[in-house]
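One structure below.
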Amino acid sequence: MTEYQLPKAYDFKSTEPRVYEMWEKGGYFKPSNDPNKPDFDPTRKPFVISIPPPNVTGELHLGHVMFVAMEDLMIRYQRMKGIPTLWVPGTDHAGIATQLQVEKDLLRTEEVTREELGREKFVERVWQWKVKYHDIITGQIRRIGASCDWERERFTLDDGLSKAVREAFVRLYEKGLIYRGPRLINWSPGLKTAVSDLEVEYSEEPGKLYYFKYMLAPETSEASKTSEDYIPVATTRPETILGDTAVAVHPDDERYKKFVGKKVIVPMLGREIPVIADEYVTRDFGTGALKITPGHDPNDYEIGQRHKLPALSMLDREAKVTEIGGPYAGLDRFEARKKLWADMKAAGLVIKEESYTLNVPRTQRGGEIVEPMVSEQWFVKIAPLAKAAEMAVRDGRIKIIPERFEKVYYNWMENIKDWCISRQLWWGHRVPVWYCDDCGEQTCARIDPLLCAHCGGKNIHQDPDVLDTWFSSGLWPFSTLGWPEETPDYKYFYPTTMMETGYDILFFWVARMIMDGLEFTGQVPFSTVYLHGLVRNEDGQKMSKSKGTGIDPLPVMEEFGTDALRFTLLVGSTPGNDTNLSLKKVEGNRNFANKIWNAGRFVVSAINSVQAAAKGEHDWSLADSWIWARLQFTVREVERLFQAYQYGEAGRQVYEFFWNDFADWYVETAKLQMAEGGDRAFYTAQTLARVLDISLRLLHPLTPFVTEELWGHLRKALLGSPLADLAKDWPQALIVAPWPEVRPEEKWEAGKTTDFALVQEVIRAIRNLRAEKKVAPSRRIPATLVGGSKAALLEEQSGVIAALAGLDPAQVSMVASLPAKPENAVALVAGPVEIYLPLSGMIDLDQEKARLQKELSDTDAQITRLEKLLGSDFANKAPAAVVQKERERLAAFKETAAKLKAQLG
RNA sequence: GGGCGCAUAGCUCAGUUGGUUAGAGCGUCUCUCUUACACAGAGAAGGUCAGGGGUUCGAGUCCCUUUGCGCCCACCA
């Protein structure tokens with residue numbers, strides 16, 4: 001006999017790393033059908049996920065745990081179904097984020113700026129950083145249990161992906177979809193780079209609306225010298241007055257009609273600018289007159305284009321006033337605002353200031369106020385790509401879950417603007433364009449050129465800018481598989497199956513992958529997009545490192561185990577909805593993992609106690625049939641819910657099955673059956689083992705570590721026991737054990753589940769009364785059960801009932817009927833069963849009567865309700881099955897009522 | 001300005017083709033160291049499913065509307 005001394009509490013700390021190493025070393029993460037191997041079968045359709053690559057910035061957060069939990073669940077489920085699965089891991093160089101971190105680090109530790117270090121040296125330092133933090137983050141992803149194929153790991157800046165980026169850029173360039181030019185872009189003065197529209201976040205902040213006078217220029221003011229010699233204008237950014245090139249009014253605005261075509265004087269600078277008419281102006285906002293700064297405002301820029309106004313750059317890259325600002329040149333934008341306003345006040349040009357709530361644009365990364373300015377940048381002409389990407393979702397080639405995000409996606413695609421892809425950074429893919437100093441032409445090339453493609457001159461230099469991080473991320477699903485090469489991996493695993501990520505990067509990433517996938521590979525990059533919600537803290541606040549409201553996943557995993565955290569995130573969420581993580585929940589799920597473990601310990605000890613195999617067919621007890629039926633139901637439900645992407649609900653169902661049905665009820669009855677010994681013990685151990693086995697398989701995608709560990713013990717225990725046959729075909733590890741299927745051929749019957757439910761009801765009724773009457777739990781009491789049509793069932797189950805309800809087996813009598821009501825006994829009614837507990841000395845007759853009376857009136861209320869229901873149109877219009885169900889319930893209630901009435905005499 | 005989500009037990013949340021006694025965990029209360037587990041077991045209390053209207057035999061679930069909270073997009077100076 002093999003004995004296992006499993007520890008009382010599941011020790012996840014030592015188990016998790018050991019189990020993960022076993023998986024990784026065992027090669028279980030690699031696809032079962034590898035196109036690079038000789039036995040490759042191209043007809044087997046794979047299931048593929050590209051990981052959302054974590055940044056190499058060294059911050060593990062709950063978002064990572066969330067996507068690993070979700071994707072690992074999907075991958076493990078498919079893998080157990082025998083489908084070749086590939087989960088491609090990797091990391092993202094994360095241009096701005098990483099460069100900022102390294103810059104900060106350098107300044108802190110060595111007190112050098114990147115400029116002092118120089119580009120080449122700085123980039124070297126970032127690579128060093130990358131190596132370090134890559135190891136940290138991938139170590140942490142492993143720690144969460146990600147079963148991805150690490151041998152296929154990629155980095156957005158590695159050679160292969162750089163080649164893919166180059167290829168993509170050149171193709172777009174050659175197609176004319178990439179262009180360079182001066183445009184109004186979002187400039188981050190702190191980061192000193194352009195950022196895309198998506199990287200700008202707006203926050204409501206208190207500010208002021210400044211009203212001032214635009215004086216009419218002298219030579220045209222003759223006619224209205226005395227009364228109307230200025231146009232009142234309002235602005236939230238007075239410093240931009242320095243860059244004004246017009247004042248606009250609505251063409252139909254009677255107040256200002258006479259000014260249109262005339263000139264006004266820019267305060268403090270004396271420049272003359274025209275008054276123009278444009279329908280963009282809202283008459284009833286502010287003063288109804290709008291100052292136009294084409295160089296520093298997107299709307300003004302457009303108006304400027306329409307009216308051919310010059311766009312003056314009155315701010316430089318550090319947001320200091322340029323020489324355009326005359327006397328204010330060199331001042332910071334906010335100092336300039338103050339000084340200019342003060343000067344205007346002194347000059348009598350100020351009308352008033354008003355409190356005003358501003359919508360301030362700030363950069364997503366640095367957080368400082370973005371300054372719109374005109375700058376020479378690279379852009380992708382996005383409309384053609386967007387159209388195709390929109391269609392792919394509209395025609396169903398890509399499905400987004402939850403569906404409501406499809407609308408959001410369409411809306412974005414339809415209103416998309418060209419994408420500014422150049423960044424004035426050093427860390428990233430360099431723009432593959434060279435400028436010729438001789439002829440001035442551009443050379444865009446896949447391989448670094450030595451000569452100008454136009455004049456053949458040698459004096460060429462590469463564009464200093466790098467590409468937006470998301471430019472390379474957009475290629476991720478195919479670049480990681482070898483594109484642009486037609487590698488075996490690319491041919492077999494692309495297009496991928498599932499894109500699972502947070503809804504917050506739908507535009508940043510998902511949309512761009514779809515556009516790029518269609519453009520470069522001619523195929524959708526994945527067929528399903530599953531968007532999970534964001535993980536918030538207990539108060540529902542967005543977790544933020546700067547605000548200190550974040551929960552660090554590592555200590556949580558340290559305290560409660562990875563399974564507990566994963567299970568909490570999966571079960572606590574519905575697709576697309578945010579979830580608040582509370583440590584109480586994680587603790588509860590730690591308890592669940594421990595429950596699994598301990599139920600497993602019991603099963604293993606039961607297996608170990610079996611002396612010999614039984615011969616002949618399996619003899620099913622009522623409890624055996626019931627638990628098996630419940631298990632089959634759960635298997636079917638989990639399968640249905642997994643298919644419908646309702647992972648949380650699936651988790652809840654297994655949880656309930658395992659804890660309530662298996663651990664609380666079946667294990668308790670199994671103890672009695674084990675005690676019988678002989679064949680009964682064998683069959684019971686067999687049922688325990690089979691139910692545990694299948695439960696562990698169902699749970700494995702949700703709680704991989706504890707299930708793997710326990711399953712290993714179960715397998716070993718079985719193989720060393722008379723039950724060895726059960727496990728003889730099992731694989732070495734649960735991670736590759738076949739996914740459970742419903743097996744209806746077994747000898748259980750649906751009717752048995754209601755029989756067991758009745759037994760449970762009888763037991764509960766007795767327990768309930770005992771607790772109510774404060775009968776000591778250790779006290780065994782006599783009972784008489786009147787079973788009516790179910791008398792035989794009660795007789796058969798009397799052992800179970802007695803043991804679980806605390807009855808004295810020697811004083812229990814099961815009868816079909818009683819000639820007379822027993823004296824001095826408390827009566828209970830459980831369905832068709834009457835229970836008499838002769839609790840002499842404990843009965844308060846009036847109290848008893850009141851209890852029964854209440855039960856009767858509750859039952860009568862139900863009868864009345866159902867009779868009314870069945871007498872209504874319901875009987876005609878509702879489906880027959882539903883009506884039938886209600887009829888049966890009514891009959892049951894009537895029976896109970898009759899019994900209760902008899903009791904009350 | 002446009003769009004979306006949420007509002008269910010004290011707390012955190014499930015409840016996905018509308019089916020009639022609305023569930024769980026935590027917390028609370030009572031009891032129990034019963035040989036898998038006190039990270040446990042047994043029992044109990046607790047909800048007019050935000051308000052109003054409608055559709056239907058039947059609404060937590062579908063439609064309209066009001067209120068409150070949150071998010072996304074756009075960015076009227």
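Protein chains get the first letters and strands the later ones, always in sequence-line order, with residue 1 at the start of each. No experiment lies behind these values; they were computed from the predicted model shown.
- At a threshold of 4.0 angstrom between heavy atoms, the contacts of A/E668 include nucleobase atoms, whether or not backbone atoms are also involved.
- If you measure from atom CG of A/D578 to atom P of B/rC4, you get 18 Å, rounded to the nearest angstrom.
- Per the geometry, CD belonging to A/E406 stands 19 Å off P belonging to B/rC73, to the nearest Å.
- The residue among A/K291 and A/Q646 whose nearest nucleotide of RNA chain B is located toward the 5' end is A/Q646.
- Note on A/K584: every side-chain N or O is 4.0 Å or more away from OP1 and OP2 of B/rC26.
- Side chain of A/K8, nearest nucleotide from B/rC37, B/rG19, B/rG3: B/rC37.
- The side chain of A/N598 places no N or O atom within less than 4.0 Å of a non-bridging phosphate oxygen (OP1 or OP2) of B/rC39.
- A/E709 and A/W597 form no side-chain donor-acceptor contact under 3.5 Å, judged by distance and modelled atom types alone.
- Set against B/rC76, B/rG43, B/rA14, the side chain of A/T282 has B/rC76 as its closest nucleotide.
- Among the nucleotides B/rC37, B/rA24, B/rC76, the one closest to any side-chain atom of A/E656 is B/rA24.
- Atom CG in A/L569 sits about 20 Å away from atom P in B/rG25, given to the nearest Å.
- In this structure, A/F657 atom CZ and B/rA24 atom C1' are separated by 17 Å, rounded to whole Å.
- When the nucleotides B/rA38, B/rA14, B/rC31 are ranked by their closest atom to the side chain of A/P777, B/rC31 comes out on top.
- Within the 4.5 Å cutoff, the side chain of A/T363 has no heavy atoms near those of the A/V200 side chain.
- Nearest nucleotide to the side chain of A/N580, out of B/rC13, B/rU16, B/rA14: B/rC13.
- Applying the Watson-Crick and G-U wobble criteria (two distances, each under 3.5 Å), B/rG60 pairs with nothing in any strand.
- At a threshold of 4.0 angstrom between heavy atoms, the contacts of A/V571 with the nucleic acid are absent.
- Evaluation of atom-type donor-acceptor distances gives a pair under 3.5 Å for the side chain of A/K595 against the base of B/rC37.
- For B/rG25, the OP1/OP2 oxygens have no side-chain nitrogen or oxygen of A/W659 closer than 4.0 Å.
- Counting only N and O atoms by type, the side chains of A/E354 and A/Y211 include a donor and acceptor under 3.5 Å apart.
- Within 4.0 Å (heavy atoms only), A/A663 reaches at least one base atom of the nucleic acid.
- In this structure, A/D873 places its CG atom 20 Å from P of B/rG18, rounding to the nearest Å.
- Nearest-nucleotide assignment on RNA chain B puts the 5′-proximal partner with A/Y10, out of A/E772 and A/Y10.
- A/E637 and A/Q653 form a side-chain donor-acceptor contact under 3.5 Å, judged by distance and modelled atom types alone.
- Taking 4.0 angstrom as the limit, A/K585 places none of its side-chain polar atoms (N or O) nearer than this to OP1 or OP2 of B/rA14.
- When both pairing distances are held under 3.5 Å, B/rC4 makes a Watson-Crick or G-U pair with B/rG70.
- Using modelled atom types and a 3.5 Å distance limit, the side chains of A/D278 and A/H250 yield no donor-acceptor pair.
- Residue contacts shown for A/P879 include a base, since a base heavy atom lies under 4.0 Å away.
- Nearest to the side chain of A/N577, among B/rG41, B/rA74, B/rG5, sits B/rG5.
- Contact annotation: A/Y356 reaches the phosphate of B/rA77 (side-chain N/O to OP1 or OP2, under 4.0 Å).
- A/N299 comes within 4.0 angstrom of the backbone, heavy atoms only, and of no base.
- Nearest to the side-chain atoms of A/L290 among the listed nucleotides B/rA77, B/rG19, B/rC75 stands B/rA77.
- When both distances must be under 3.5 Å, the Watson-Crick or G-U wobble mate of B/rG47 does not exist.
- The base of B/rC39 sits within donor-acceptor range of the side chain of A/R590, with an N or O pair under 3.5 Å.
- Listed nucleotides: B/rC37, B/rG43, B/rA14. Nearest to the side chain of A/R767: B/rG43.
- Taking 4.0 angstrom as the limit, A/N411 places none of its side-chain polar atoms (N or O) nearer than this to OP1 or OP2 of B/rG2.
- The separation between A/Y256 atom OH and B/rA77 atom C1' is 12 Å, rounded to whole Å.
- Checked against B/rC73, B/rA77, B/rG19, the side chain of A/F507 finds its nearest nucleotide in B/rC73.
- Contact between the side-chain N/O atoms of A/Y280 and the OP1/OP2 oxygens of B/rC76 is found at a separation under 4.0 Å.
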Quick one: do A/F705 and A/F12 satisfy ring pair (Phe, Tyr, Trp, His ring centres under 6.0 Å)? Show the steps, please. CA-CA 8 Å; A/F705 290 108; A/F12 52 82; 9.9 Å; no

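- The side-chain heavy atoms of A/D664 and A/W659, taken from C-beta on, include a pair separated by under 4.5 Å.
- Separating the CD atom of A/E637 from the P atom of B/rG15 is a distance of 13 Å, rounded to the nearest angstrom.
- Remark: A/N591 is in phosphate contact with B/rA40, judged by side-chain N or O atoms under 4.0 Å from OP1 or OP2.
- Residue A/K774 places its side chain closer to B/rU30 than to any other of B/rU30, B/rA77, B/rC39.
- Interatomic distance, OG1 of A/T669 versus CD1 of A/I801, reported as 12.0 Å (0.5 Å rounding).
- Atom NZ in A/K417 sits roughly 13 Å away from atom P in B/rC73 (whole-Å rounding).
- OP1 or OP2 of B/rA14 has at least one side-chain nitrogen or oxygen of A/T574 nearer than 4.0 Å.
- At a threshold of 4.0 angstrom between heavy atoms, the contacts of A/D300 with the nucleic acid are absent.
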